[in-house]
Amino acid sequence: MFLAEEEQGALPPKGDFSAWYNELLWRAEIMDVRYPVKGLYVWYPFGFAMRRNVYDLLRALLDRDHQEALFPLLIPENEFAKEAEHIKGFEEEVYWVTHGGLTPLEVKLALRPTSECAIYPMYALWVRSHADLPLKIYQIVNTFRYETKHTRPLIRLREITSFKEAHTVHTTWEDAERQVEAAIALYREFYDRLCVPVIISRRPEWDKFPGADYTIAVDTVMPDGRTLQIGTVHHLGDHFSKTFQITYEDAGGEQKYTHQTCYGISERCIAALISMHGDDRGLILPPDPAPVQVVIIPITIGKRKEEVSAAAEGIGKELAASGFRVKIDTRDIRPGAKYYYWEMRGVPLRLEIGPRDLDARQVTAVTRLGEKSQIPRETLVDGVRDRLSSFSAALRERAEAHVRTHIGVSHTLDEVAAAVEHGVTLVSWCGNRECADLLEEKTRAAVLGTDVRSAYLVDAGGPCVACGKQGTTALVGRSY
RNA sequence: GGGGUAGUAGGGUAGCCUGGUCCAUCCUAGAGCGUUUGGGACGCUUUGACGGCAGUUCGAAUCUGCCCUACCCCA
């Protein structure tokens with residue numbers, strides 16, 4: 001039985017997450033990993049359509065009060081070298097362009113690992129007056145990092161293809177801090193639309209963005225219990241402002257340094273999306289990001305083929321006119337084969353229409369979670385809308401249950417070591433690096449952050465898990 | 001960062017140790033013909049591969065070296 005399934009091409013079980021993930025990527029036509037350069041992967045059209053939907057969503061959220069722009073990929077060495085702490089954080093990972101054709105360049109050009117050094121010299125020109133502030137700009141671009149660790153499609157790449165980075169400029173530190181909170185709220189909303197639960201925390205000093213005052217991170221818990229950082233928000237203070245001379249004239253006519261933030265999300269959001277919801281049969285996508293929201297399978301047999309096809313066309317048109325992304329699968333293969341095909345690709349809702357449905361003036365609806373029902377033909381659009389929204393709710397609930405059951409509280413290092421085998425854990429931590437290092441050594445897990453914000457949070461309480469001194473709650477886990 | 005294993009058709013394997021000139025097989029995909037059709041249909045015909053570069057040799061998938069890529073384990 002098991003062998004038969006394998007011959008028919010079942011995925012590895014999701015319990016074997018690494019194998020499941022790798023195979024799903026090409027079976028669901030998301031990424032082709034066979035490009036012959038380490039850490040670079042190809043988006044298939046289906047994966048790209050999903051990417052577009054996800055980033056359209058993100059764009060729509062940002063466009064409420066940000067402007068989209070586009071800065072160059074290449075950064076001259078002298079600009080790149082300006083902020084000492086920043087370059088130190090990235091120097092091991094930068095790709096350099098050293099030649100134009102056969103001619104060595106007088107000034108080497110960096111492929112952006114992130115765009116601060118491309119954007120801020122321009123901000124210095126753009127920002128004149130307090131009336132120009134706040135300035136909130138974002139771009140969606142590729143960035144390059146020469147990763148030395150194991151690369152993994154969508155998760156650790158040498159070319160991040162889909163980096164949304166926002167860079168804001170403010171008059172005061174406090175105003176920038178408010179922007180940090182606004183960005184966190186925006187990211188929460190974004191991930192809610194993807195039905196991906198998140199845990200927000202403040203990264204330890206040594207793990208913050210190079211050149212930032214502090215870094216707030218957005219993490220999620222993957223199926224194997226490891227965490228994935230799927231967003232960061234940085235308060236940059238006036239570090240970059242001083243480096244790049246971004247000043248403004250205040251109402252009193254005085255020149256002052258600006259305060260800045262930046263925050264980013266990469267295609268890791270898609271890794272989280274597919275990993276969180278997928279199952280042994282393939283992808284499961286919430287309606288918002290799904291390239292195909294409703295697939296219609298005409299059950300065409302014998303003499304009524306024309307009639308069924310026409311009915312399928314009719315419901316397809318009606319749903320498309322109501323704004324759904326619909327696909328009618330008219331391929332000349334058996335219906336069962338189509339079911340498997342679209343299940344692999346995560347389509348939220350399947351509508352079947354055959355002679356029996358015609359006679360009963362209905363369509364048969366099956367969600368990707370396997371809930372089967374009939375929708376009267378007359379109330380089709382409402383029926384589809386209902387099923388999609390309850391499908392979203394069910395997905396969100398499922399995902400939250402996963403996170404809730406993979407987060408615990410530990411009071412000793414032994415408990416931590418056991419907990420991080422299958423999830424994340426909250427501990428009490430004194431805040432000293434020595435204790436974090438000891439914890440990492442004993443448990444092979446890291447202190448991810450403090451000031452943990454999560455619906456699943458309980459106060460860890462008690463003395464520091466490593467040294468016994470007074471501590472506060474911190475998030476600990478193994479991360480990708 | 002350290003170590004290990006491996007690369008043969010779109011995917012998975014055999015052959016390699018012991019070199020021999022049409023590289024075999026399974027799945028899938030494509031082309032063709034026929035029978036099929038409410039959960040992965042079937043028969044027959046056919047297309048398609050030794051990761052790259054160099055070396056050894058009369059002769060290399062096989063031996064040697066380097067490179068590239070992938071996966072696993074440890075830090």
Side-chain angles (χ1 to χ4, degrees), chain A residues 1-12 16-42 44 46 92-93 146-159 224 226 279-282 295-309 311-312 328-345 347 349-360 362-374 417 420-421 437-446 478-480:
Chain A
M1 189 66 182
F2 180 71
L3 228 165
E5 276 185 17
E6 213 164 47
E7 281 170 1
Q8 289 172 353
L11 281 173
D16 185 359
F17 178 64
S18 203
W20 176 87
Y21 182 79
N22 286 330
E23 186 135 340
L24 177 69
L25 285 177
W26 72 267
R27 291 280 294 278
E29 294 184 296
I30 301 162
M31 308 292 297
D32 194 329
V33 301
R34 293 171 299 179
Y35 192 77
V37 180
K38 180 181 168 67
L40 274 54
Y41 310 96
V42 177
Y44 279 111
F46 184 85
E92 297 285 316
E93 300 186 350
Y146 186 76
E147 293 285 354
T148 50
K149 286 186 188 171
H150 229 228
T151 52
R152 218 181 259 277
L154 299 177
I155 292 177
R156 178 164 284 113
L157 314 128
R158 286 189 167 176
E159 181 189 6
D224 60 357
R226 290 168 74 181
D279 67 7
D280 290 357
R281 288 189 167 190
V295 64
I296 300 167
I297 312 287
I299 310 297
T300 47
I301 314 169
K303 287 170 187 161
R304 301 184 70 179
K305 184 174 166 144
E306 297 296 321
E307 196 184 341
V308 169
S309 297
I328 305 175
D329 191 343
T330 56
R331 289 177 298 169
D332 189 21
I333 54 177
R334 299 167 91 100
K338 296 179 184 178
Y339 301 164
Y340 282 100
Y341 180 91
W342 293 108
E343 280 166 3
M344 181 63 75
R345 285 158 185 74
V347 176
L349 189 66
R350 177 177 80 231
L351 297 181
E352 304 168 15
I353 177 136
R356 296 207 292 262
D357 300 296
L358 284 181
D359 293 341
Q362 66 179 27
V363 297
T364 299
V366 185
T367 71
R368 181 58 180 79
L369 290 175
E371 267 187 73
K372 193 167 187 169
S373 59
Q374 320 298 333
V420 297
E421 287 294 327
D437 287 346
L438 180 69
L439 184 146
E440 184 154 0
E441 190 186 316
K442 298 271 190 193
T443 67
R444 288 174 47 226
R478 290 180 183 159
S479 42
Y480 273 96

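Lettering follows sequence order; numbering is per chain, from 1.
Nucleotide B/G40 forms no Watson-Crick or G-U wobble pair with any nucleotide shown, as no partner meets the under 3.5 Å limit on both distances.
When each of B/G39, B/G10, B/A41 is scored by its nearest atom to the side-chain atoms of A/Arg34, the top-ranked nucleotide is B/G10. Closest to the side chain of A/Arg350, from the set B/G10, B/G39, B/A75, is B/G39. Comparing B/G40, B/G11, B/C71 against the side chain of A/Asn22 picks out B/C71 as the nearest. Looking at the side chain of A/His150, the nearest of the listed nucleotides B/C72, B/C74, B/G11 is B/C72. Closest approach to the A/Tyr339 side chain among B/G38, B/G39, B/C72 is made by B/G39 (side chain taken as heavy atoms from C-beta onward).
Taking the C1' atom of each, B/G40 and B/C22 are spaced 36 Å apart, rounded to whole Å. B/U45 and B/G4 have their C1' atoms separated by 46 Å, with the value rounded to a whole Å. B/G52 and B/G2 have their C1' atoms separated by 26 Å, with the value rounded to a whole Å. If you take atom P in B/G38 and the same atom in B/C27, they sit 23 Å apart, rounded to whole Å. Nucleotides B/C16 and B/A24, compared at atom P, are 15 Å apart to the nearest Å. Between the P atoms of B/U69 and B/G30, the separation comes to 32 Å (whole Å).
Nucleotide B/G40 holds its P atom 16 Å from the CZ atom of A/Arg27, rounded to whole Å. Atom NZ in A/Lys338 sits roughly 11 Å away from atom P in B/G38 (whole-Å rounding). Distance CD (A/Glu29) to C1' (B/U28): 13 Å, rounded to an integer number of Å.
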(request) Start with the C-alpha gap between A/Arg156 and A/Glu147, add the side-chain angles, then the distance that decides, and say whether salt bridge (charged side-chain N to carboxylate O under 4.0 Å, His left out) holds. (result) CA-CA 7 Å; A/Arg156 178 164 284 113; A/Glu147 293 285 354; 3.7 Å; yes
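Using modelled atom types and a 3.5 Å distance limit, the side chains of A/Glu159 and A/Tyr41 yield no donor-acceptor pair. No side-chain donor-acceptor contact under 3.5 Å links A/Asp32 and A/Trp26.
Judged by closest nucleotide on RNA chain B, A/Thr148 is the one of A/Thr148 and A/Asp357 placed further toward the 5' end.
Among the protein residues, A/Arg281 comes within range of the nucleic acid bases, having at least one heavy atom under 4.0 Å from a base atom. Heavy atoms of A/Arg356 sit under 4.0 angstrom from at least one base atom.
Taking both residues in full, the closest heavy atoms of A/Met344 and A/Ala28 are given as O-CB, 3.5 Å, listed atom of the first, atom of the second, then distance.
Remark: the A/Glu343 side chain and the B/G40 base include no donor-acceptor N/O pair separated by less than 3.5 Å.
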Atom pairs, protein N/O to nucleotides 68-70 of chain B N/O, distance under 3.5 Å:
from, atom 1, to, atom 2, distance (Å)
B/U69, OP1, A/Lys38, N, 3.1

